[in-house]
Amino acid sequence: MDRRTLRRTTAALALAASALLLLAACTPGTSAIEHYDGAPEEYDSAYGSSSAEGLQVFVLENGDKLAITLYGSSSCPWIGETIAVTAKKDEGNAVEIEVRPLPDNTACTQDYVPHTTVFWTPKTYVETNGLTVTALGQSLVLQ
């Protein structure tokens, strides 16, 4: 292989690698982006189950983010870790939130308070209208 061909090949590979890195940076991850005590103060729409079940979903920033609010102990809150698409737009439109297990051998207060975890909406695969969100075995359908 001559030098000219080697340079072209190297340049093409560098360009392809750069494009892949840019695409990866633009794709939201599946991990939570933040979590906090309480429920969101600003949201586009809200969906909730009865307070006895303790699940609420808030649509934020024109559907770019989903805030999942779970009720439980303030000293041992339910915290979402990841969001996974379980059915794409044309196959049922559903996501499931994996929740961090509660710590073993820890005394948790017996109060009942909200704790919110925020995720990027996997918009490539699902849409917020008609989205089924499942967490801790509970499900809500966003309309």
Side-chain angles (χ1 to χ4, degrees), residues 1 5-143:
M1 188 181 306
T5 304
L6 183 60
R7 276 190 235 155
R8 285 183 185 163
T9 303
T10 303
L13 287 173
L15 184 61
S18 297
L20 283 174
L21 286 173
L22 282 172
L23 286 173
C26 294
T27 304
T30 59
S31 297
I33 52 177
E34 68 176 310
H35 68 89
Y36 51 86
D37 292 334
E41 292 181 13
E42 294 183 26
Y43 51 87
D44 299 330
S45 52
Y47 305 86
S49 60
S50 68
S51 61
E53 293 180 41
L55 170 63
Q56 292 181 296
V57 178
F58 298 87
V59 177
L60 311 174
E61 298 180 18
N62 296 315
D64 288 340
K65 295 178 183 177
L66 293 174
I68 311 304
T69 302
L70 297 166
Y71 285 74
S73 169
S74 61
S75 62
C76 304
W78 293 110
I79 299 172
E81 289 191 317
T82 59
I83 186 170
V85 175
T86 55
K88 294 181 181 180
K89 291 177 192 178
D90 55 347
E91 300 170 357
N93 202 39
V95 294
E96 184 167 0
I97 309 302
E98 182 71 31
V99 178
R100 183 182 306 168
L102 295 178
D104 290 333
N105 303 320
T106 300
C108 300
T109 56
Q110 291 191 3
D111 52 354
Y112 194 65
V113 298
H115 191 88
T116 298
T117 306
V118 180
F119 298 92
W120 290 107
T121 303
K123 289 180 123 178
T124 304
Y125 304 104
V126 298
E127 54 190 31
T128 54
N129 187 28
L131 178 65
T132 300
V133 178
T134 301
L136 294 176
Q138 303 172 60
S139 295
L140 284 174
V141 178
L142 312 186
Q143 297 298 334

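What you are looking at is a predicted structure, and each value in this text was computed from that prediction instead of being measured.
In terms of heavy atoms, Thr86 sits closest to Val95 at OG1-N, 3.8 Å. Taking every heavy atom of both residues into account, Val85 and Tyr125 meet most closely at CG2-CB, 3.9 Å. Asp111 approaches Ser74 most closely through the heavy-atom pair OD2-OG, 2.5 Å. The shortest heavy-atom contact between Trp78 and Gly72 is CD1-CA, 4.3 Å. Of all heavy-atom pairs spanning Thr132 and Ser139, the tightest one is CG2-CB, 4.2 Å. When every heavy atom of Ser75 is checked against every heavy atom of Cys108, the shortest pair comes out as OG-CA, 3.3 Å.
In this structure, Gln110 places its CD atom where only 12 or fewer heavy-atom neighbours from other residues, nucleotides or ligands lie under 6.0 Å away. The 12-atom threshold is not exceeded at CD of Glu98, counting heavy atoms of other residues, nucleotides or ligands nearer than 6.0 Å.
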Where do Tyr47 and Gln56 land on the side-chain contact (heavy atoms from CB on, under 4.5 Å) test, with the steps shown first? CA-CA 6 Å; Tyr47 305 86; Gln56 292 181 296; over 6 Å; no

The test is side-chain contact (heavy atoms from CB on, under 4.5 Å); show your working for Leu142 and Val59 and say whether it passes. CA-CA 9 Å; Leu142 312 186; Val59 177; 4.0 Å; yes

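One finds the CG atom of Leu55 at 8.5 Å from the OG1 atom of Thr69 (value rounded to the nearest 0.5 Å). From Ile83, atom CD1 reaches atom OG1 of Thr121 across 6.5 Å, with rounding to the nearest 0.5 Å. To the nearest 0.5 Å, atoms CD1 (Ile68) and NE2 (His115) are separated by 12.5 Å. A distance of 6.0 Å separates CG of Leu102 from SG of Cys76, quoted to the nearest 0.5 Å. Separation of atoms OG1 (Thr82) and CZ (Phe119) is listed at 6.5 Å; rounding is to 0.5 Å. To the nearest 0.5 angstrom, Leu66 atom CG is 12.0 Å from Thr116 atom OG1.
You'll find the side chain of Tyr36 reaches within 4.5 Å of the side chain of Val118, heavy atoms only.
Taking the charged nitrogens against the carboxylate oxygens, Lys89 and Glu127 have no contact shorter than 4.0 Å, which rules out a salt bridge.
Considering Ile33, Thr128, Asp44 in turn, Ile33 is the only one that fulfils the side chain to side chain contact (heavy atoms under 4.5 Å, CB included) rule with Lys65.
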